[in-house]
Amino acid sequence: MAEAYPGYQRRPRRRGRKVVVTLVVLLLLLGGLLAVADRVAAGVAERAIADQVERELVKQQARSAPPQVDIGGFPFLTQVLGGRYERISIALTDVQGAVEGNAVNLPRLDVDARGVRASLDTLRSGQGEVVADTVDGTGTVAYDSLAKLLDRPGLKLGEQNGKLVVTAPVDILGQKLTVTGTADVTVAEGNRVALRFNDLNAEGLPAVPLARTLLNNYARGISVDVPLPEMPFQLTVRKVEPRPEGLAVTAEARDVPINQAG
């Protein structure tokens, strides 16, 4: 009887361990299924937002590669029930917009909306506003597009040591010369970029006052406020900065209805 008693005690412990293991496995499976369902729902919402962005680009006579949308925060379904989303990011590549009849290329435009408010009824019906507390945008304007807006044959723009540089052929007093120099780049009213070419030189420039006057006139002729394509989500340009890949543009907006991106 003494030898049978310990064996009798071990059986309940084995059954208890099996129950715990089974519960853990079930909880893991349930958690996995909920995570999958959460990501599936987020994916559906991301595709719907991408479709909306494409429609808004068409309204603005612009086009791009298919938008890439990411809804941040986890779990997504909890955000749906609460009617508030932490972050919605939209990435646009190969964007082409129109400015005064000219095509302007933006190799990339990233939009980050935070504190997005949208009720469950709005999502169900498609009616009502989806409003973001803040929207920040960063984009790059290709230099060749910017040069076309200046409308000077042969003019080329680029970046060197953080400055906007220009190279252009000119005819001064019957001599064909190459102008080089830099420009100050700032933000002007109306989502425009102010270019001010104040330091231009040309190798071989005749050493007469008239030649310098003509060169200064050329500098004033290309020192203009260049309009940018219409920005989505009511974005207002706050900063411009020359970079090797193009003119970097930073924009922002507050309390923006992002389901009306025009």
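Throughout, numbering of the chain's residues begins at 1 and tracks the sequence.
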So which atom in [X] and which in [Y] form the shortest heavy-atom distance, rounded to 0.1 Å?
{"X": "R108", "Y": "A91", "value": "NH2-CB, 3.6 Å"}
{"X": "I90", "Y": "P67", "value": "CG2-CB, 4.4 Å"}
{"X": "A202", "Y": "V179", "value": "CB-CG2, 4.2 Å"}
{"X": "A211", "Y": "L173", "value": "CB-CD1, 3.9 Å"}
{"X": "G154", "Y": "P169", "value": "O-CD, 3.5 Å"}
{"X": "R238", "Y": "E252", "value": "NE-OE2, 3.3 Å"}

Output the distance between atom [atom1] ([X]) and atom [atom2] ([Y]), rounded to the nearest 0.5 Å.
{"X": "T178", "Y": "K176", "atom1": "OG1", "atom2": "NZ", "answer": "11.0 Å"}
{"X": "E245", "Y": "Y143", "atom1": "CD", "atom2": "OH", "answer": "7.5 Å"}
{"X": "Y218", "Y": "L200", "atom1": "OH", "atom2": "CG", "answer": "8.0 Å"}
{"X": "E241", "Y": "T138", "atom1": "CD", "atom2": "OG1", "answer": "11.5 Å"}

Do the charged groups of D133 and R84 touch, with an N to O distance under 4.0 Å?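 Salt bridge flag = yes for R84 with D133.
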
Per the side chain to side chain contact (heavy atoms under 4.5 Å, CB included) rule, which among L247, D144, L146 passes with L157?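 So the option named by the test is L146.
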
Check each of V135, V131, V116, T134 against V256 using the side chain to side chain contact (heavy atoms under 4.5 Å, CB included) test, and report the only one that passes.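 Considering V135, V131, V116, T134, a side chain to side chain contact (heavy atoms under 4.5 Å, CB included) with V256 is found only for V135.
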
Is the number of heavy atoms from other residues, nucleotides or ligands under 6.0 Å of N161 CG greater than 12?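 Counting neighbours around CG of N161, 12 or fewer heavy atoms of other residues, nucleotides or ligands fall under 6.0 Å, so no.
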
Taking the side chain as every heavy atom from C-beta outward, state whether [X] and [Y] have any atom pair closer than 4.5 Å.
{"X": "V193", "Y": "L228", "value": "yes"}
{"X": "T167", "Y": "L155", "value": "no"}
{"X": "T180", "Y": "V165", "value": "no"}
{"X": "R212", "Y": "N201", "value": "yes"}
{"X": "L177", "Y": "P206", "value": "yes"}
{"X": "Q175", "Y": "L205", "value": "no"}

Does R243 reach the main-chain N or O of T140 with its side chain, forming a donor-acceptor pair under 3.5 Å?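 Side chain of R243 to backbone of T140, a donor-acceptor pair under 3.5 Å: no, none is there.
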
Tell me whether N191 contacts the main-chain N or O of L235 through its side chain, where contact means a donor paired with an acceptor under 3.5 Å.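 A pair under 3.5 Å: yes.
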
For the side-chain hydrogen bond (donor to acceptor under 3.5 Å, both in side chains) test, which of T182, D184, D225 pairs with R196?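 Single pass found, and it is D225.
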
In this structure, which one of D110, D70, D112, D136 forms a side-chain hydrogen bond (donor to acceptor under 3.5 Å, both in side chains) with S89?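 By the side-chain hydrogen bond (donor to acceptor under 3.5 Å, both in side chains) criterion, S89 pairs with just one of D110, D70, D112, D136: D112.
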
Show your reasoning for whether side-chain contact (heavy atoms from CB on, under 4.5 Å) applies to L195 and I222. CA-CA 8 Å; L195 305 179; I222 59 175; over 6 Å; no

